[in-house]
Amino acid sequence: MEYEFLVNSVLHKISLEKKENIFLVSDGKKTFKADICFISPNVISILIEGRSHKVYLARDKDKMYISLEGEQFIVQEPLESGESFQKSEEKSQEHELMIKAPMPGKVIKINVSEKENVRKNQTLAIVEAMKMENEIKSSIEGYVKKILVSAGDLVDSENPLMELVKKRGVP
Amino acid sequence: MEYEFLVNSVLHKISLEKKENIFLVSDGKKTFKADICFISPNVISILIEGRSHKVYLARDKDKMYISLEGEQFIVQEPLESGESFQKSEEKSQEHELMIKAPMPGKVIKINVSEKENVRKNQTLAIVEAMKMENEIKSSIEGYVKKILVSAGDLVDSENPLMELVKKRGVP
Amino acid sequence: MFKKILIANRGEIAVRIIKACQEMGISSVAVYSEVDRESLHVQLASEAVCIGPAPAIESYLNIDKIIQASRQAGAEAIHPGYGFLAENSEFARSCEKEKLVFIGPNSKALALVGDKIRSRQTMEKAGVPIIPGMKNIPKDLSEYKQAAQKIGYPVMIKASAGGGGKGMRIVDNPKDLKSYLEAGQREAKSAFGDESVYLEKYIEEPRHIEFQVLADNYGNIVHLFERECSIQRRHQKIVEETPSQALDLKLRTLMGETAKKVMQVSGYNNAGTVEFLLDKNKNFYFLEVNARLQVEHPVTELTTGVDLVHQQILIASGEKLSFKQEELFQRGHSIECRIYAEDPVNNFLPSSGRVTFLKEPKGPGVRHDCGIYSGCDVPIYYDPILAKLIVWAENRENACQRIVNALDDYVVLGINTTISFLKEVINHPQFRKGKTTTSFIKMYFDKWEGKKKTEENLRLALIASAFDSFNKTYTGKSAGPAQKEIFSPWLSLGKWRLGGGK
Amino acid sequence: MFKKILIANRGEIAVRIIKACQEMGISSVAVYSEVDRESLHVQLASEAVCIGPAPAIESYLNIDKIIQASRQAGAEAIHPGYGFLAENSEFARSCEKEKLVFIGPNSKALALVGDKIRSRQTMEKAGVPIIPGMKNIPKDLSEYKQAAQKIGYPVMIKASAGGGGKGMRIVDNPKDLKSYLEAGQREAKSAFGDESVYLEKYIEEPRHIEFQVLADNYGNIVHLFERECSIQRRHQKIVEETPSQALDLKLRTLMGETAKKVMQVSGYNNAGTVEFLLDKNKNFYFLEVNARLQVEHPVTELTTGVDLVHQQILIASGEKLSFKQEELFQRGHSIECRIYAEDPVNNFLPSSGRVTFLKEPKGPGVRHDCGIYSGCDVPIYYDPILAKLIVWAENRENACQRIVNALDDYVVLGINTTISFLKEVINHPQFRKGKTTTSFIKMYFDKWEGKKKTEENLRLALIASAFDSFNKTYTGKSAGPAQKEIFSPWLSLGKWRLGGGK
């Protein structure tokens with residue numbers, strides 16, 4: 001079986017072929033034997049050439065959170081729908097930028113008004129989570145097209161806070 | 001919903017009725033409210049009249065292994081087939097007694113022969129598991145009808161080792 | 001001895017206190033907000049009372065609700081833990097009025113040491129060295145401006161009502177004073193219900209050294225040596241250890257005796273911590289008293305063999321201290337790492353949500369004080385501390401090795417944590433040399449982007465992913481979604497009001 | 001220092017040793033039998049080598065296979081743990097021949113102390129008090145009979161090649177001598193590969209007191225005080241503690257110095273334990289040397305602050321002891337409970353099979369050295385020890401409270417364990433008073449039938465069962481079957497040859 005995964009937006013291929021209790025693994029460069037088994041639904045033990053590896057894994061929708069030897073990876077199955085591409089197009093085409101909540105939290109303060117011009121790095125809003133205030137800053141020079149939340153609102157990660165429009169000609 | 005369970009061969013009834021996030025529990029004697037939730041597939045948290053209880057539970061076929069506050073229970077769903085009854089009839093009717101392995105292990109020695117008379121508490125066989133020898137003793141006075149295993153055999157828990165026949169008139 | 005104690009807190013510290021109650025044969029009563037029904041402290045306590053909605057101000061900071069819960073459950077004493085109401089003298093007074101024993105200092109001493117300005121004055125009078133700073137809380141900005149000018153920049157904004165880095169800001173430049181003061185006041189208000197902040201001289205590159213003190217109700221006071229807590233980020237301690245590499249026997253004795261004097265002149269009882277800054281020339285300055293059990297108390301427990309929570313309860317119940325200063329000594333070395341729900345490679349953004357998997361570190365000499373479990377939800381409402389990893393070993397070098405090893409043995413999936421960051425901190429050559437100051441993180445980890453992943457581990461991650469998918473294909477089962485999903489009728493987020501309007 | 005060590009063992013002790021290697025920056029090589037592919041020690045080691053089929057004689061006791069695995073992996077040293085080959089002088093000799101460092105005593109000392117008869121002679125000569133008994137291994141039954149008569153009944157049958165209760169029998173009555181000797185010889189053969197047994201006087205109601213000793217390769221010897229291991233069942237220790245309630249400073253010093261003398265006259269190096277019996281009148285008798293790391297080593301670690309596995313490795317690598325006798329002292333109290341896979345209410349029948357759920361006990365002062373996990377299979381082939389629960393506290397009373405509490409916090413579902421039994425032992429008034437002798441279990445727990453269940457807990461168990469069934473009905477999901485079932489293509493039992501023929 002061949003599998004494709006995205007790690008940090010880079011596509012990786014790997015194939016597994018079961019031979020009795022052992023797997024033949026091929027990553028394109030080389031092929032080797034691996035003795036792989038589930039220890040529990042979240043723990044996989046891998047023996048390759050005598051070396052023992054313990055891999056922790058949890059799936060969440062299309063993502064796999066993986067930890068081994070103190071390193072963490074987020075492995076994604078490539079999306080089959082075009083949804084993710086559409087989103088990024090939206091931003092660039094219109095010179096509009098959707099400012100999103102970086103994490104779940106509560107909007108403490110909106111520091112700008114609609115139609116107001118904003119500088120790069122200007123604080124747009126303050127979102128609090130876990131007792132820490134986090135300033136949401138503008139990554140562009142432009143103006144505020146629309147504000148979508150008010151102080152006091154609870155927002156989830158990736159929730160739109162406001163729409164900015166980029167000043168033309170400015171990178 | 002009404003549920004029936006066997007604990008130590010005694011039948012118990014209990015009913016749960018869901019009211020919003022709370023359950024009405026009735027055990028025949030009294031009815032009370034309980035706030036019950038899964039913490040994980042094997043852990044249940046129960047709040048009753050302010051008291052907090054943590055119950056650990058694992059199912060294995062028709063049995064539920066339960067542990068709470070340091071006490072353990074084996075709770076069974078009553079069998080719907082008559083299978084279990086048949087087994088116990090087998091024993092008593094024929095004055096025959098099936099000697100079974102009390103745990104998984106290896107037969108080290110068979111101390112009796114077929115047709116041999118046995119006293120109560122006489123050692124019939126030695127089964128070893130986890131480096132400990134365990135003597136299998138006769139609970140009756142009678143004779144050996146049939147020996148079903150040999151020294152060196154691996155046996156599972158409840159595996160028949162030999163058939164005894166009870167001496168008539170002896171309790 | 002008490003028969004029943006209410007714990008007015010949540011998370012790892014509530015769990016820690018409940019354990020102590022169990023060991024002492026005392027019934028424990030947990031209180032919880034509506035989002036905390038499934039929290040570990042609710043599961044472990046003998047009893048549990050819901051005290052209101054998720055925001056702390058409506059539950060864990062609600063004095064009336066907590067007093068009422070204590071009465072309802074028939075508790076004789078309240079342990080406040082740290083944070084929330086732990087250093088709120090109004091709460092201590094309310095307990096006293098209701099004949100509930102507040103497990104902490106008496107309300108008068110609490111009010112004194114809690115008022116950073118008054119306590120500075122008291123200490124100055126008693127001859128304890130203090131940092132130059134304001135002697136009162138100003139009414140308006142102009143007073144702050146004047147004071148800052150007089151002290152000389154850089155100045156430090158500090159909350160009068162509490163510690164833990166909340167409300168704290170360093171101001172290098174006069175033009176930042178106003179906005180930093182506002183932010184500090186807001187944070188102080190939200191953390192302690194009191195927006196008072198004051199200014200003091202910012203001492204550059206000091207070590208943060210604090211002394212643990214125990215004082216019974218009869219005037220007997222001992223110190224249990226120092227903790228060094230110089231490794232801080234945003235004025236929040238993240239790594240603590242004892243003994244400090246900066247103290248010798250003479251300085252340790254002098255600072256310890258000073259700490260006892262601080263407590264004595266404050267009329268203090270129960271457990272408390274006297275914080276000092278130690279400058280490059282080994283001058284030390286009194287900072288403040290932390291009038292509560294500290295997050296970092298375990299390093300003292302592991303090196304002195306004294307259980308501080310047991311002692312707090314014994315003292316509050318009227319027992320005399322059972323040991324004298326000369327019977328106390330330190331053995332070996334202990335280090336604590338605080339595990340926060342924060343993303344270390346993304347500006348330490350708080351990270352709430354579901355812990356899809358937790359593997360707790362363990363082994364000889366490893367202690368893990370933990371408030372989470374596999375499948376739990378970490379809410380947005382409270383402090384991001386999830387757990388504390390503490391090790392003990394014969395010496396500092398072994399303790400460093402042991403804690404790095406334990407951090408490698410520690411897995412949290414689903415949310416971001418500081419685990420990988422902490423490992424790099426401990427492994428830093430300057431940390432290994434004991435060259436620790438409060439500027440350590442800023443100096444060496446300001447632009448930390450995470451450790452480079454190795455090729456080999458990436459390959460293994462891919463093999464594991466493929467193996468999981470392989471099994472999913474053949475059996476329809478795999479490592480996810482998080483099993484609890486099946487049972488829990490709602491997700492933490494489902495309860496939130498999303499977007500638009502109030 | 002070594003770069004790579006092979007651990008010739010399994011279960012909790014292999015895990016313990018692997019942890020120590022990790023902390024010392026040493027690569028670890030696990031060996032495993034075919035049923036142990038999924039065992040914890042295989043998962044944790046840096047490398048793992050399969051050495052044969054399940055029966056120990058074909059794998060963990062197979063010297064050639066283990067030496068070969070060491071060569072293959074490039075290990076420089078072998079740690080044997082306890083049991084299996086730990087006290088096999090032929091194995092130690094094979095290692096020496098192969099230029100592999102055996103982490104334990106030199107083969108000559110091992111052969112001497114391993115030969116119980118010769119070591120008794122040596123000790124007698126050196127003036128160490130010994131129990132009256134046989135001075136050689138007889139050729140036939142009549143010699144045993146004569147010896148027993150001369151010593152006087154009751155006599156004790158003991159395996160010459162090893163300890164741990166294996167092969168041990170008390171004979172009260174001459175008519176039982178033959179069958180008990182045969183059983184003892186069979187057990188000795190299966191446990192140590194050597195069927196030699198001998199007889200000695202059985203001392204009634206003694207305490208079992210042993211001293212931990214460390215000796216480097218340069219003649220430096222220290223003792224690390226005593227462990228009392230009087231709580232035994234079938235001559236198998238089940239609860240151990242230190243300090244012993246029976247020793248005062250004077251007796252402790254005398255016995256400690258005697259222990260060092262035993263090691264000195266044996267030419268012993270590395271870690272070892274000198275076992276004594278202490279009778280009612282505080283006379284002590286040398287029993288034997290356990291020439292290995294003991295199961296109960298953690299109680300010494302927690303009270304002295306010395307990591308014995310680290311020390312074993314340091315000594316084996318040629319380091320000198322880094323501390324002197326006068327620098328060692330005991331702090332507080334430590335108790336260990338051994339968790340066996342046995343059914344305490346059914347004559348302690350071994351209990352193999354799948355651990356469907358494990359909740360490990362934890363908390364301040366609690367250590368859990370563990371070889372199992374949720375979902376693992378416990379095979380029939382090996383020792384029934386699953387894990388060890390060890391606590392440390394300021395004093396014995398607190399340690400008792402803490403370990404009872406931890407036993408309550410300990411859940412193993414799917415197989416039977418001794419957890420509930422151990423709790424009753426610790427809670428027994430005579431144990432609490434420190435009145436512990438090797439007859440303790442026989443005296444107070446001979447016909448133990450388990451603790452009565454409470455009505456309330458039964459009701460809660462029923463509620464939980466109903467709730468689980470309720471959820472099963474509505475979602476098709478519930479607490480079982482054990483999740484691993486899904487993935488594991490075979491059950492432990494599936495591999496067995498069932499019934500008939502060889």
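Remember, it's a predicted structure, so these values are computed and weren't measured experimentally. Note on naming: letters A, B, ... go to the chains in the order of the sequence lines (proteins, then strands), and numbering restarts at 1 for each one.
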List the atom of [X], the atom of [Y], and the distance in Å for their closest heavy-atom pair.
| X | Y | value |
| --- | --- | --- |
| A/Ile14 | C/Ala466 | CG2-CB, 3.7 Å |
| C/Arg459 | A/Phe32 | CD-CZ, 3.8 Å |
| A/Tyr65 | C/Leu413 | O-CD1, 3.4 Å |
| C/Tyr381 | A/Lys131 | O-CG, 4.3 Å |
| A/Tyr3 | C/Phe470 | OH-CA, 3.1 Å |
| C/Ser465 | A/Arg59 | O-NH2, 4.3 Å |

Sorted by chain and residue number, the side chain to side chain donor-acceptor pair (under 3.5 Å) partners of C/Lys189 (sequence neighbours excluded) come out as none
Rounded to the nearest 0.5 Å, how far apart are [atom1] of [X] and [atom2] of [Y]?
| X | Y | atom1 | atom2 | answer |
| --- | --- | --- | --- | --- |
| A/Asp60 | C/Thr356 | CG | OG1 | 6.5 Å |
| A/Leu68 | C/Asn457 | CG | CG | 4.0 Å |
| C/Asp468 | A/Ile66 | CG | CD1 | 8.0 Å |
| C/Ile463 | A/Phe23 | CD1 | CZ | 11.0 Å |
| C/Asn471 | A/Cys37 | CG | SG | 10.5 Å |
| A/Met130 | C/Leu349 | CE | CG | 10.5 Å |

By a 4.5 Å heavy-atom criterion (distance strictly below it), what part of [X] contacts chain C: side chain, backbone, both, or neither?
| X | answer |
| --- | --- |
| A/Ile44 | side chain |
| A/Phe5 | side chain |
| A/Glu4 | neither |
| A/Leu16 | side chain |
| A/Ile46 | side chain |
| A/Gln72 | both |
| A/Leu161 | neither |
| A/Val43 | side chain |

Check each atom of [X] against the heavy atoms of chain A and say whether the ones under 4.5 Å are side chain, backbone, both or neither.
| X | value |
| --- | --- |
| C/Thr454 | both |
| C/Phe467 | both |
| C/Lys359 | side chain |
| C/Ala341 | both |

Those residues at least two apart in sequence (or on a different chain) that pass side-chain contact (heavy atoms from CB on, under 4.5 Å) with A/Glu135 are A/Thr123, A/Ile126, A/Lys137
| message | Is the shortest side-chain heavy-atom distance between C/Asp383 and A/Met132 below 4.5 Å? | response |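 Heavy-atom side-chain distance check fails, nothing below 4.5 Å.
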- Salt-bridged, A/Glu71 to C/Lys451, with N to O below 4.0 Å?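 Not counted as a salt bridge, because no side-chain N and carboxylate O are separated by less than 4.0 Å.
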Within a reach of under 6.0 Å around [atom1] of [X], are more than 12 heavy atoms found that belong to other residues, nucleotides or ligands?
| X | atom1 | result |
| --- | --- | --- |
| C/Asp176 | CG | yes |
| C/Lys453 | NZ | yes |
| C/Glu455 | CD | no |
| C/Tyr82 | OH | yes |

- Take C/Ser190 and A/Glu128, measure what side chain to side chain contact (heavy atoms under 4.5 Å, CB included) needs, and give me the verdict at the end. CA-CA 10 Å; C/Ser190 118; A/Glu128 185 207 62; 3.5 Å; yes
Residue from C/Gly450, C/Pro384, C/Gly414 scoring the most non-hydrogen pairs under 4.5 Å with chain A is C/Pro384
Ranked by heavy-atom pairs below 4.5 Å to chain A, first place among C/Leu407, C/Val412, C/Val411, C/Asp408 goes to C/Val411
| task | Could you please spell out the steps behind the side chain to side chain contact (heavy atoms under 4.5 Å, CB included) verdict for C/Leu458 and A/Val7? | result | CA-CA 9 Å; C/Leu458 171 62; A/Val7 183; 4.0 Å; yes
